[in-house]
Amino acid sequence: MEDTKFRMMPGSTTGNTYLLIGRHGKFALGIKPVAVMRGDAFGVPGHTWFGSKLRSAPADASLFEGFENKVVKLQSQPATPWDAWPMVEWENKSQSRASTTIGIMLKGAPDGEPESAQALLDEIRNDLGMKMAEYLYGLVGEEAMLLFKGEIAEWFDGHFGKIADSIEKAISTRKKVAAAMSENVGFFAQQAAILKKLHATQTGSAVADEDDDTEDDEDETDED
């Protein structure tokens, strides 16, 4: 197996999508981000839930190549994927794997007002990856971890960073759209013309592309 800084372990059907973080006997422990949900679903509007799936499953010895000196020899050998990590509250259990969801609720919403989106952006960039690493270390125990806290934080920061960049871009776009629309308050205007002018300003183009006049008016929706 190729020796890389971040080793991935397989899911049931998703391929190697879990970051390998721990080992107990023949069982590997991995985690992957799986959800970003509005807090409304949990009765907490104006917030956002970031969920990740924690997975324990038996693994071939080749998965652990290069990690031999990173794990203390534990006395007991667990019989099942969930016995390997008794401190975890597992949602799903079978002889082939155990899984549960962990996550964090953050203030702000990516599709809310600019102030709310900015609040979420600030939360994400406030050492969120390290907070995840510290939580995992406390949950699993340092003796079973294959990665250092800084390595786990680095991997998650790469994931959270992409989300933060997307939110930052959306904030900027919404501000520009709001400014463009406010210039036409009290006057009839064509929405397409306003947005085309905005696009031309953003790209630095003097003339926006002509519309192909495709019949897509029926597809317009007010999706969140």
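Qualifying side chain to side chain contact (heavy atoms under 4.5 Å, CB included) partners for A57, counting only residues two or more places apart in sequence or in other chains: M9, R55, R97. Here F156 pairs with F160 under the ring-ring contact (aromatic ring centres under 6.0 Å, His included) rule; sequence neighbours left out.
Here D122 does not pair with K107 in a salt bridge; the nearest charged N to carboxylate O distance is not below 4.0 Å. Look at E168 and R125 and you find a salt bridge, because one of the NZ, NE, NH1 or NH2 atoms lies within 4.0 Å of a carboxylate O, short of that distance.
Shown here is E91, whose CD atom has more than 12 heavy atoms of other residues, nucleotides or ligands within 6.0 Å. By the neighbour-count criterion of 12 heavy atoms within 6.0 Å, atom NZ of K26 is sparsely surrounded, having that number or fewer from other residues, nucleotides or ligands.
The two atoms that bring M105 and F42 nearest to each other are CE-CD1, 3.7 Å, heavy atoms only. Closest approach of G108 and A119 over heavy atoms only: CA-CB, 4.5 Å. Of all the heavy atoms in E143 and V140, the pair that sits closest is OE2-O, 4.1 Å.
Using a 4.5 Å cut-off on side-chain heavy atoms (C-beta onward), L54 and L139 make contact. Using a 4.5 Å cut-off on side-chain heavy atoms (C-beta onward), L29 and L20 make no contact. Counting heavy atoms from C-beta on, the side chains of I163 and V36 come closer than 4.5 Å.
Under the 4.5 Å side-chain heavy-atom criterion for ILVMFWY residues, no single connected hydrophobic cluster contains both L121 and W49.
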Only pairs under 3.5 Å count here: list side-chain donor-acceptor contacts from residues 80-88, not counting sequence neighbours, and write none if there are none.
unit_1 : atom_1 : unit_2 : atom_2 : d
T80    : OG1    : W82    : NE1    : 3.3
T80    : OG1    : D83    : N      : 3.1
T80    : OG1    : D83    : OD2    : 2.8
W85    : NE1    : S56    : OG     : 2.9

